[in-house]
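Below: the structure, in structure tokens.
Within every chain, numbering begins at 1; the chains are lettered A, B, ... in the order of the sequence lines, protein sequences first and strands thereafter.
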Number of protein chains: 2
Amino acid sequence: MLTSYNKEDKILLALDCIIFGFDKNDLNILLIKRDFEPEKGKLSLIGGFLKQSEHLDEAANRILFTLTGIQNVYMEQLYTFSKVDRDPGERTLSTAYYALINIEEHNEQLNQQFAAQWYSITEAPELIFDHNEMVDKAISRLRRRAISKPIGFELLPEKFTMKQLQKLYEAILDEKQDKRNFINKINSLDVLVKLNEKDMTSSRKGSFLYQFDKEKYDAKVRDGFTFKI
Amino acid sequence: MLTSYNKEDKILLALDCIIFGFDKNDLNILLIKRDFEPEKGKLSLIGGFLKQSEHLDEAANRILFTLTGIQNVYMEQLYTFSKVDRDPGERTLSTAYYALINIEEHNEQLNQQFAAQWYSITEAPELIFDHNEMVDKAISRLRRRAISKPIGFELLPEKFTMKQLQKLYEAILDEKQDKRNFINKINSLDVLVKLNEKDMTSSRKGSFLYQFDKEKYDAKVRDGFTFKI
DNA sequence: ACTATAAGTGTTAATTTTACATTTTCACAA
DNA sequence: TTGTGAAAATGTAAAATTAACACTTATAGT
């Protein structure tokens, strides 16, 4: 086929993944010590380059898997960063993706053979290039999403307590929630099932475990309900 | 400087601009008849290619200016589209940008020498490649933005009537608004100045003109107020 | 001066959001 | 066995916001 584009510039396109995990009280992100120049040894997001015949979504998953062993994670495209000198090594753009994962569930995958590690976002480690900017943008996107979609459940174990859910939302939104109002709100959404099981690790009384009911949620969305915390 | 990226693929990166304008009752977008292959003669967004040493934001403005004569428009990045066969001519990604402009104000710029024309989004013309998908995404972004930022004012003349503002929001949100509630809401935001002038073209009684007070708005935002229609 | 037409204006009910404190349960220690 | 400490569970009333709704006013043109 004839193409008319042959005098246009071709450019390196990187991808960087902001992987959020939640651990008791804190939002964490997965970072890696960069083992090649430039900026070798500094902390970086999980990143790599797009191949010629790859969809960005695929590339993001390939890169995540290659560097962490984690797979089958739903990632969402965040933004394409394009400052001319953003990478001192060579001119590259980078499309950032972000995802939420449940730390425990993926810790088997993320084992010793990978250099990636969890860092609390409250400690805000300094990253190479424009990666801090990427993280900031991801956090604000996460906040916006968290109040309009039940996105947070991805960060919790399958069974969780109301307290854990509340802590999670407090971490994402970075603000305290009133316990009773929070529980009432969640219950009114009617997308959780209360199990006949208690978590006994946090108190003598024990607290009931809940599960997110995806089918119920999907059905409600179909009927035009909007989730809003 | 030494670079370690030399075995990575380089890729063509296009940009496409979704330019919204508003005209009495309808949201419009600016489209162009494509004058080169592939898909020559079909309708397309305003598009072009990123150059090696250009920021995406710059490129979007350059492309818009080149194809329409319109300049100094604030465009926001929307999404990067990357289906492998999205352009049958050659493998390209495309980063979409969108902007809101005031049709009258830019019609002098957009003169005969340019092929770009306004099309109502309600007529939903069929576009090349994945451009319809881009437009859909831009519209939903626009809706989300419109209820949380006073973004709509960019689409109106400097002086406008409440009726025009209401029509605009009805077009963006695609739903009727109650006249009294709408006006009360807008007034309670307290970011408009009522002028001592009337627009006499639409009724015998005439209707007062208003102006958006950007300084007042910025000051309020600084004090932590959130605009929400 | 009459008429036709769009502009302009407020109130009440319904819903949602916020603030807030006591009782319950149970493991463990005495 | 009884008592104690610690977290879990629970409801209501006030405040704020949103939604529904219809008549009066101003004016140009006849």
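Across the protein-nucleic acid pair, A:F160 atom CZ and D:dA8 atom P stand 15 Å apart, rounded to whole Å. Rounded to whole Å, the distance from CG on B:L189 to P on D:dT18 is 10 Å. What separates CD of A:Q164 from C1' of D:dA9 is a distance of 16 Å, to the nearest Å. B:D199 has its CG atom 13 Å from the P atom of D:dA28, to the nearest Å. The distance between atom CD of B:Q177 and atom P of D:dT18, rounded to the nearest whole Å, is 12 Å. Between A:Q166 atom CD and D:dA9 atom P there is a gap of 12 Å when expressed in whole angstrom units. As rounded to whole Å, 12 Å separates atom P of C:dT17 from atom CD1 of A:I147. B:K185 has its NZ atom 12 Å from the C1' atom of D:dA16, to the nearest Å.
In this view, B:N187 and B:M162, B:I183 satisfy the side-chain contact (heavy atoms from CB on, under 4.5 Å) rule, not counting sequence neighbours. Partners of B:L195 under the side-chain contact (heavy atoms from CB on, under 4.5 Å) rule, at least two apart in sequence or in another chain, are B:K159, B:E197, B:L209, B:Q211.
Identified under the ring pair (Phe, Tyr, Trp, His ring centres under 6.0 Å) test for residues 98-118 of chain A, with sequence neighbours left out: none.
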Taking only distance into account, with no hydrogens and no angle test, what donor-acceptor pairs under 3.5 Å do side-chain atoms of residues 218-229 of chain B form with protein atoms, sequence neighbours excluded?
{"unit_1": "B:D218", "atom_1": "OD1", "unit_2": "B:K214", "atom_2": "NZ", "d": "3.1"}
{"unit_1": "B:D218", "atom_1": "OD2", "unit_2": "B:K214", "atom_2": "NZ", "d": "3.1"}

List the atom pairs, with distances to 0.1 Å, where a side-chain N or O of residues 66-75 of chain A and a protein N or O form a donor-acceptor pair under 3.5 Å, not counting sequence neighbours.
{"unit_1": "A:T66", "atom_1": "OG1", "unit_2": "A:R62", "atom_2": "O", "d": "2.7"}
{"unit_1": "A:T68", "atom_1": "OG1", "unit_2": "A:L64", "atom_2": "O", "d": "2.5"}
{"unit_1": "A:T68", "atom_1": "OG1", "unit_2": "A:I70", "atom_2": "N", "d": "3.0"}

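In summary, the side chains of B:T80 and A:T95 do not present any donor paired with an acceptor at a separation below 3.5 Å, with no hydrogens or angles considered.
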What string of B, S and - do you get for nucleotides 2-12 of chain C 5' to 3' if you count protein non-hydrogen atoms under 4.0 Å?
--B-BBBBB--
